Amino acid sequence: MKTEKHVMVVGAGIVGSMIAVQLLDLGWQVTLLDAGFAGQATRASGGMLAPTSEAHSLPVSWREKAQLSLQLWKTWLERFERMGLDVGYISSLAHAATHLQEAEQFKSNLQSAGQWTEDNPEHPHGMAFYSEEGSLDPVQVLRALHALVPVTQAEVKRLWEDGHTIKADTSSGELQADGAVLACGAWSNRFGIPVQSRQGQALLLEGEHVDHATYKGRGYMVPRQGATYVGATEIDTWDTTPTHGARSTLLAYVQQHKPDLQEVRVLDHKVGLRPLLPEPMIAPHPSLQNVLVATGHHRNGILLAPVTAQRVMQLFMQESPPSYGVTVH
Ligand SMILES: Cc1cc2nc3c(=O)[nH]c(=O)nc-3n(C[C@H](O)[C@H](O)[C@H](O)COP(=O)(O)OP(=O)(O)OC[C@H]3O[C@@H](n4cnc5c(N)ncnc54)[C@H](O)[C@@H]3O)c2cc1C
């Protein structure tokens, strides 16, 4: 793709927003558009940066990129700090074992990135501790990114080529640019990308009840600036309604693993649609020239956003770049 001057980025979740900021950093003109659909994955996310402890949910070809992304996050966090913005970053992450067999399994999976500890009385079977991993508040990250690049509220209904120009039919009228990035998360299938939706629900509880993100049993808890995020369910649906069933499941999880927390108040019930592909796709659009696609990050889009944005920049700067991930014809 040749060097462009004005790029439309469709989707202001973490992926589109980070890409938009990097394009601005290049000195390009950027229009970041978002429809404001219910079920945005980013705002519902746990915000864990866990390339080693989430390795099982990453395609093998993405594990190294995930480690690189964790390194790139450090630069973003420094940037937000320089802006005087707190995005709720808390270093360290643990996997607590619930029984001895699991402890043995965790120990054998530790790799050099983690340490085994049996010092915490709350986790008598021990836990794998990853000091390089951590968590942040994705809502605060979006706020920081949108301080750098404003969001135009508009739904893109159709995108087409007109000579060397990309045109968009939007809920606010027609727009045109030299290129576009589709970062529409689970909604990318409108533009011919076969993304599925894996819905997740999570609760935000009053009070900070863990020191750092902790996986245990079938869920996890993450400290979130005076609150605790508890996640998450997984179901293949496009429905964005919070359900009583998910709330009960998550509260039962809390009771099981934090029995002293029975009367805790629920501050928020989040629902997000994880964009699911066999692996993330960061590639030219299969049929539209000068349009890139960045989606399909499933459980790891917060972690993978920096490496995705970096890759999109490389694609824009090269004439015939190799793609990452799925190829759609
Ligand atoms: C419960 C839950 C927990 C999670 N926990 C973690 C975690 O701990 N760590 C991690 O790394 N990842 C986690 N994830 C995954 C992560 O949230 C996603 O992979 C990531 O947020 C995807 O970002 P995105 O920008 O691609 O999509 P989204 O955040 O969904 O944003 C897409 C945006 O596109 C907009 N849009 C769509 N179509 C159009 C259109 N036609 N016109 C204009 N705008 C449009 C939508 O309104 C939306 O705002 C979690 C997800 C969930 C649901």
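Counting convention: from 1, in listed order, for ligands and their atoms alike. Excluded from the calculations below are hydrogen atoms, water molecules and symmetry mates; all remaining heavy atoms, backbone and side chain alike, are included. What you are looking at is a predicted structure, and each value in this text was computed from that prediction instead of being measured.
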Trp187 contact mode with ligand 1 (heavy-atom cut-off under 4.0 Å) | side chain
Within the distance-only criterion (no hydrogens, no angle test), does the side chain of Tyr229 pair as donor or acceptor with the backbone N or O of Ala44 below 3.5 angstrom?
-> yes
Please determine if Val156 has a nitrogen or oxygen closer than 3.5 Å to a nitrogen or oxygen of ligand 1.
-> yes
Lys258 side-chain N/O to His209 backbone N/O, donor-acceptor pair under 3.5 Å | yes
What's the verdict on ring pair (Phe, Tyr, Trp, His ring centres under 6.0 Å) for His125 and Phe106, showing C-alpha distance, side-chain angles and the deciding distance?
-> CA-CA 11 Å; His125 297 294; Phe106 285 2; over 10 Å; no
What do we get for Ala186 next to ligand 1 when only non-hydrogen atoms under 4.0 Å count, side chain, backbone, both or neither?
-> neither
Are any of the N or O atoms of Pro275 closer than 3.5 Å to those of ligand 1?
-> no
Which bit of Val10 gets closer than 4.0 Å to ligand 1, counting heavy atoms only: side chain, backbone, both or neither?
-> side chain
Would you say Tyr229 and ligand 1 have an N/O pair spaced under 3.5 Å apart?
-> no
Salt bridge between Lys157 and Asp169, side-chain N to carboxylate O under 4.0 Å?
-> no
Pick whichever of Gly47, Ala41, Gly185 has a heavy atom sitting closest to atom 30 (O) of ligand 1.
-> Ala41
Answer yes or no: does an N/O atom from Ile14 fall short of 3.5 Å to an N/O atom of ligand 1?
-> yes
Any donor-acceptor pair under 3.5 Å linking the side chain of Trp187 with the backbone of Ala35?
-> no
When you look for heavy atoms under 4.0 Å from ligand 1, do you find them on the side chain of Lys270, its backbone, both, or neither?
-> neither
Report yes if Ala202 has an N/O atom closer than 3.5 Å to an N/O atom of ligand 1; otherwise report no.
-> no
